[in-house]
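Read the structure below first, then the notes.
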2 protein chains.
Amino acid sequence: MPGNKQKHATLVDVARAANVSVATAGRALGNYGYVGAEAKDKILKAAHALNYRKNLAAQSLISGKAKTFGMIVSDIGIEFYSNIIKSVVNYCRGHGYCVLIYDTHESVRIEREALAIFQQHRVDGIIVSPADFRNADHLREFVSSGGRVVQIDRCVPDLESDTVQLDNRRAARECTRKLIAAGHRRIGYIGELSEIRPASLRKFMATSQPVSDARQPFAPSCQRLFGYLDAHREAGIEVCPDLIGRTGQYSDGAACKETGKVLAHAPTALLTADGLMTVGAFRAIRAHGLRIPEDLSFISFDDLDWLQFVDPPVTAFAHPCSRIGEEAARILIKWANRGEDASPLHHEHVRLAGSLIERESIRML
Amino acid sequence: MPGNKQKHATLVDVARAANVSVATAGRALGNYGYVGAEAKDKILKAAHALNYRKNLAAQSLISGKAKTFGMIVSDIGIEFYSNIIKSVVNYCRGHGYCVLIYDTHESVRIEREALAIFQQHRVDGIIVSPADFRNADHLREFVSSGGRVVQIDRCVPDLESDTVQLDNRRAARECTRKLIAAGHRRIGYIGELSEIRPASLRKFMATSQPVSDARQPFAPSCQRLFGYLDAHREAGIEVCPDLIGRTGQYSDGAACKETGKVLAHAPTALLTADGLMTVGAFRAIRAHGLRIPEDLSFISFDDLDWLQFVDPPVTAFAHPCSRIGEEAARILIKWANRGEDASPLHHEHVRLAGSLIERESIRML
DNA sequence: TTGTATGCGTTATCAC
DNA sequence: GTGATAACGCATACAA
């Protein structure tokens, strides 16, 4: 009778079968230390016959390395994140690493729990797109206890971590320029912008400086608003505050409602801050019976799959999702494989360029 | 100087700080055995102060349980899979389990590698959508070494595992009935169908029995073809073999090409076998300048996000993605938490119903 | 109720 | 080159 729990051959079993000591078997199978040729051969054969698999838990206990990274995003089902996850997973696989994944639905509580689990697993680093900028003590604690964090897309500004993200300001500027070049002067913008209180929006617009290469201490939707403002400023166009839609929360429903308000102020073009905003805005445009591009030109910030299928296909700014994932994974792997030479722990801040995919949703005025 | 590697407090540290033995500290923090109230209090305080996190590797070494499942899909970026992953991850989190994820891009070699890694991690079970029906010895080996496998969507028929999938035959029958009820007699079908050699398609069509509740030993695209044939048979309509498009490989490019061929035989309606086929078919329809539903009615098997955004919105059959993920996770967790009473290892075969989302892509003839 | 001792499967440190 | 043996951090049987 085979017993209830799985049996796995151990080094001891292999060593016995090959007539050597555990130490020798370990050296042969772990590729360290000296092993004689014929001994190694015997051991490999025995291991294969017994279907031996090294127990990573035991290895982790000794080495302190789990050969595993943790990853936290707000919604695995969102195209943007699932694409990044895919590239992270594949890059890590190629380098012998696993990835544990959690989905927070924007809940800081769940993010905290996920982090605790990761610490129990002794992961070698984490990739995270934080749920809340103002509530990241758990991330700080993780860092201060020696963990390495790579933030993607969203970045808590005062966290000692690496960051990988699109150059949001430049990208939004490029989109806005495109619309301005087509003759548009009343360009709407729909974004979460929860950091900016509605009352201070005008002040905020005035505050935005033409150039700022410093690390941007803002959410992506705000950074992109900067780019939107930049393009207007350089073209000498004054921005009408009514055209800036602030949803306040990150949902397509809110985006739909806010877009409705903006449409009441007669924009000739619309730029969204990301894919979720695009979904909401699209619903509002439909509901208002507006045609693209005859009645309204449109650029989606985030190239959702379906934008190429609607009629006419919609111009969009494509995130470099694969690059984001690969860069994040690369940083962690480099760190995890560092030697004993204590290099001074330098954090990377990768800014990537995306690309504007021109389709047919912009009308020349 | 803080040293190069992360330091984590251990039970020994906590015990010392709380002035108790390791055993007592372990009992308090592991919630097992007897612990005095004030001792427990001291220990909890000390653990908190030291930011103690139990080392799951050590626990796994003893218990043989990793509190982790493995999951293998062919493409994380596909909406269908990312939705399932999301529900698996969330369900598992609620029950104290982690999920390791791999993406095979349909490569059996990678699937094999992933499985080996999972064995090294001593995962408590795996969820897999196999890359190849005819090449699953690695899965069999996993099972015979005591591992538990839940197959989703695609199922290797002779593998001792649980299965969770849509009732494909019934679902496709429902879609086809809908088209027939609308008056359509020439309904095209686009699927991978790689199991069926083109030469034997006619024979295959004749072979299909009206009723077969047995576990279907075929790929989803074939099972769905059965449903398509069922609906025709019960309506007394003869199927024209030219209307059945077999892509032979799983790619949207192949689907586009094959759809082109089918369109040449003047179907009035089209049913796809899944989301990837839908994408390819849609491109072909565009390329042929056909309008939906005026020139061609359309049902997508798989309710992709964008189908509600195109004009007109497309009728689609929605997979119960969340349910699939939850059922799969439920089965594994139930098994992982089983007691010592060796229940006789019964495999579940869950068949779920999806739902036809009616939109505006079907024209009444 | 608490403490002591032993083992899980590896790797590392020594002698041989 | 190879083989004992002691860790790693936790859980468990058993003694106190």
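Here is the naming used below: chain letters follow the sequence lines, and residue numbers restart at 1 for every chain.
Residue-level contact check: B:Leu11 touches the backbone only, with heavy atoms under 4.0 Å from sugar-phosphate atoms and none from bases.
The ring pair (Phe, Tyr, Trp, His ring centres under 6.0 Å) pairs that include a residue from residues 100-121 of chain A are A:Tyr102-A:Phe118, where partners are two or more places apart or lie in different chains. Residue pairs meeting the salt bridge (charged side-chain N to carboxylate O under 4.0 Å, His left out) criterion with at least one partner in residues 54-76 of chain B, sequence neighbours excluded, are A:Lys86-B:Asp75.
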Would you give me the side-chain donor-acceptor pairs under 3.5 Å for residues 29-40 of chain A, sequence neighbours excluded?
{"from": "A:Asn31", "atom 1": "OD1", "to": "A:Lys40", "atom 2": "NZ", "distance (Å)": "3.4"}

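In this structure B:Tyr52 satisfies the ring-ring contact (aromatic ring centres under 6.0 Å, His included) test with no other residue, sequence neighbours excluded. Partners of A:Tyr81 according to the ring-ring contact (aromatic ring centres under 6.0 Å, His included) rule, which considers only residues two or more places apart in sequence or in another chain, do not exist here. Applying the side-chain hydrogen bond (donor to acceptor under 3.5 Å, both in side chains) rule to A:Asn55 yields no partners; only residues at least two apart in sequence or on another chain are considered. Taking A:His95 as the reference, A:Tyr91 meet the ring-ring contact (aromatic ring centres under 6.0 Å, His included) condition, with sequence neighbours excluded. Residues passing the side-chain contact (heavy atoms from CB on, under 4.5 Å) test with A:Ser82 are B:Ser82, sequence neighbours excluded.
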Dump the pairs, protein N or O against N or O of nucleotides 3-7 of chain C, anything under 3.5 Å, distances to one decimal.
{"from": "C:dG3", "atom 1": "OP2", "to": "B:Ser21", "atom 2": "N", "distance (Å)": "2.9"}
{"from": "C:dG3", "atom 1": "OP2", "to": "B:Ser21", "atom 2": "OG", "distance (Å)": "3.0"}
{"from": "C:dG3", "atom 1": "OP2", "to": "B:Thr24", "atom 2": "OG1", "distance (Å)": "2.6"}
{"from": "C:dG3", "atom 1": "N7", "to": "B:Arg27", "atom 2": "NH2", "distance (Å)": "2.7"}
{"from": "C:dG3", "atom 1": "O6", "to": "B:Arg27", "atom 2": "NH1", "distance (Å)": "3.0"}

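Against DNA chain D, the stretch residues 113-120 of chain A makes no heavy-atom approach under 4.0 Å. Contacts of residues 31-53 of chain A with DNA chain C (heavy atom under 4.0 Å): A:Tyr32, A:Tyr52, A:Arg53.
Listed for the A:Asn90 side chain is no donor-acceptor partner under 3.5 Å among the backbone atoms of A:Ser87. Between the B:Arg148 side chain and the B:Gly125 main chain, no donor and acceptor come within less than 3.5 Å of each other.
Recorded end-axis angle for the helix from C:dT1-D:dA16 to C:dC16-D:dG1 stands at 40°, based on five pairs per end and rounded to 10 degrees.
Checking A:Ile152, A:Val89, A:Leu332, A:Ile126 one by one against A:Met71, the side-chain contact (heavy atoms from CB on, under 4.5 Å) holds for a single residue, A:Ile152.
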